[in-house]
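Inspection log for the structure reproduced underneath, given as structure tokens.
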Amino acid sequence: MNTEVLVLYFAKSAELAGLKAETISVPCELSSLQLWQELVSRHPRLSVLREQVVFAVRQEYVVLGDQLVRLQAGDEVAVIPPLSGG
Amino acid sequence: MNTEVLVLYFAKSAELAGLKAETISVPCELSSLQLWQELVSRHPRLSVLREQVVFAVRQEYVVLGDQLVRLQAGDEVAVIPPLSGG
Amino acid sequence: MNDRDGDPQDIVKLTHDKLSADAVSEAVVCQSCGAVSMFIGTTRNNFEGKKVVQLEYEAYVPMAESQLKKIFRDIRDRWPTVRHICVHHRLGVVPVTEASVIIGVSSPHRRESLEAVAYCIEALKANVPIWKKEVYETEGSAWKENKECLWAGSGQK
Amino acid sequence: MNDRDGDPQDIVKLTHDKLSADAVSEAVVCQSCGAVSMFIGTTRNNFEGKKVVQLEYEAYVPMAESQLKKIFRDIRDRWPTVRHICVHHRLGVVPVTEASVIIGVSSPHRRESLEAVAYCIEALKANVPIWKKEVYETEGSAWKENKECLWAGSGQK
């Protein structure tokens with residue numbers, strides 16, 4: 001079963017994806033790595049970030065890997081390149 | 001041989017001595033403790049400070065004790081109660 | 001004069017306006033505190049010999065705010081006497097030498113606020129979703145990476 | 001904007017005017033520095049349950065200035081990358097919650113300025129000939145003693 005979520009791109013990921021936000025349809029349950037592959041299939045240039053990126057799912061950090069992400073309609077998923085605030 | 005020096009009193013020592021500055025005649029060479037006794041003989045109320053005071057002779061700290069202080073005409077000697085800046 | 005001694009204040013502001021040290025110090029000063037410690041991060045004019053003309057900051061604003069509040073809770077756990085905590089972070093274009101972040105912490109005695117400010121800037125750089133791009137005079141621009149960020153690449157560390 | 005990057009600046013001001021965090025931060029900021037750390041000492045409103053209405057500071061001014069310069073030299077020995085150092089200390093009457101001292105230190109990276117500011121306030125309290133009298137609402141006044149001062153009595157420590 002799929003659901004619609006809002007994906008936000010920041011900093012270098014926004015430059016590579018060429019956009020700052022989009023709504024996409026994804027499985028309600030998938031691994032964080034599968035979610036990343038979903039985004040890369042839409043925006044292949046994102047692939048260079050693979051080793052230096054994490055997600056924020058509903059504003060909590062999730063690293064790329066086997067761990068399951070459960071998503072509901074309207075959830076916010078952000079692509080978080082290395083931080084440089086301060 | 002005696003010489004004239006300017007004695008400065010600060011904070012509690014100024015309150016006890018009742019003045020902020022005076023010129024006095026003292027030996028050109030004496031111990032710092034003798035110098036203190038000189039000041040106490042002029043202003044007996046200063047004696048309560050004995051354990052909690054140091055001098056600044058030409059703007060360098062000198063503790064009360066046997067060490068010799070050499071003074072020249074016009075030298076500045078300050079009575080320095082415990083500090084509370086900051 | 002600020003005499004909000006009732007409740008500890010957690011203050012976060014992400015703003016495009018120029019930051020002010022006075023505004024942060026006034027936000028945290030209180031009648032029962034003897035100490036305010038502050039840290040100001042400013043824009044440097046060079047990186048590896050390249051002349052930096054300005055920086056541009058962007059943030060995932062709601063999460064940046066929630067992460068800062070989480071850091072504030074950690075500070076209060078570690079230094080319970082800390083009184084008020086304030087972080088102002090600038091967004092958008094920041095010219096060289098202007099402040100990008102100002103942190104202020106008040107406490108009755110100085111040790112706690114000094115340690116808390118050092119902890120806060122460290123944790124901010126590691127955890128708060130804000131990014132900066134350096135714009136160089138001659139060679140375009142680059143997204144920076146804090147060495148404190150766990151998933152930063154090793155190249156820029 | 002201050003771009004005195006040529007020589008490190010040692011700035012001392014003893015003044016009867018109200019202090020400003022912005023003035024101190026502007027005095028130390030520089031183009032090659034990413035960090036400004038500051039400490040602000042403020043007047044507390046109570047001491048052992050007695051309500052403090054104001055403080056009065058006095059200084060042995062020329063020696064306070066020379067002792068501060070000595071502290072600055074020590075800072076530069078310990079943290080050679082420290083750039084500018086500024087201490088503003090207020091004299092005369094200081095109302096509750098207003099700043100009595102503001103210290104600012106700039107450095108390329110933050111560790112040095114954070115450590116230098118902590119060192120500077122500690123050394124100032126131990127060595128700089130400045131005194132404060134607390135004026136209480138009901139019971140007169142008292143000269144304070146810094147616990148950092150080696151010849152302070154044990155009573156007030």
Side-chain angles (χ1 to χ4, degrees), chain C residues 1-5 18-47 51-52 55 83 95-111 113-115 117-122 124-125 144 147-148, chain D residues 1-5 18-47 51-52 55 83 95-111 113-115 117-122 124-125 144 147-148:
Chain C
M1 191 171 80
N2 177 351
D3 58 348
R4 293 177 312 207
D5 273 31
K18 190 170 179 179
L19 302 185
S20 153
D22 280 339
V24 172
S25 99
E26 280 160 25
V28 297
V29 74
C30 76
Q31 297 204 344
S32 63
C33 293
V36 171
S37 298
M38 295 178 67
F39 177 80
I40 305 175
T42 57
T43 310
R44 294 172 62 181
N45 67 350
N46 71 88
F47 173 72
K51 187 169 177 195
V52 178
L55 288 105
R83 199 77 190 156
V96 168
T97 79
E98 290 191 9
S100 51
V101 63
I102 304 186
I103 299 172
V105 177
S106 58
S107 58
H109 301 285
R110 69 180 179 278
R111 189 183 60 80
S113 64
L114 284 165
E115 292 180 0
V117 159
Y119 175 88
C120 190
I121 181 62
E122 189 87 14
L124 184 155
K125 284 178 169 267
K144 305 297 290 178
K147 64 183 185 306
E148 297 82 358
Chain D
M1 190 171 80
N2 176 350
D3 58 350
R4 294 179 308 208
D5 272 31
K18 190 171 179 178
L19 303 185
S20 154
D22 279 339
V24 173
S25 99
E26 280 159 26
V28 298
V29 74
C30 76
Q31 296 204 345
S32 63
C33 292
V36 171
S37 297
M38 296 178 66
F39 177 79
I40 306 175
T42 58
T43 311
R44 295 172 61 180
N45 67 350
N46 71 89
F47 173 71
K51 189 171 175 192
V52 177
L55 289 107
R83 199 76 191 158
V96 168
T97 79
E98 291 190 8
S100 51
V101 63
I102 304 186
I103 299 172
V105 176
S106 57
S107 58
H109 300 284
R110 70 179 179 280
R111 189 183 61 80
S113 64
L114 284 165
E115 291 180 1
V117 159
Y119 176 88
C120 189
I121 180 63
E122 190 86 15
L124 185 157
K125 284 176 169 267
K144 305 298 291 178
K147 63 182 186 308
E148 296 83 359

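Throughout, protein chains are lettered first and strands after them, A, B, ... in sequence-line order, and every chain is numbered starting at 1.
- When all heavy atoms are compared, the tightest approach of C/F39 to D/L114 is CD1-CD2, 4.3 Å.
- Here the closest non-hydrogen pair linking D/R44 and D/V96 is O-CG2, 4.2 Å.
- Ranked by heavy-atom pairs shorter than 4.5 Å toward chain D, the options C/G104, C/S20, C/G41 are led by C/S20.
- In terms of heavy atoms, D/S107 sits closest to D/C33 at O-CB, 3.5 Å.
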Open item on the list: Let's go through C/I40 and D/M38 carefully: what are the C-alpha distance in whole Å and the side-chain angles of both, what is the deciding distance for side-chain contact (heavy atoms from CB on, under 4.5 Å) to 0.1 Å, and is it a yes or a no?
Closed with: CA-CA 8 Å; C/I40 305 175; D/M38 296 178 66; 3.7 Å; yes
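- If you measure heavy-atom distances from C/E122 to chain D, the contacts under 4.5 Å come from both the backbone and the side chain.
- Looking only at heavy-atom pairs under 4.5 Å with chain D, the residue among C/S100, C/A23, C/P108, C/S106 that has the most is C/P108.
- The minimum heavy-atom distance linking D/V117 with D/I103 is given by the pair CG2-CG2, 4.3 Å.
- C/P95 does not touch chain D: none of its heavy atoms, backbone or side chain, sits under 4.5 Å away.
- In this structure, chain D has a heavy atom under 4.5 Å from the backbone of C/T43, while its side chain stays farther away.
- Looking at C/R110, the atoms closer than 4.5 Å to chain D (heavy atoms on both sides) sit in the backbone and in the side chain alike.
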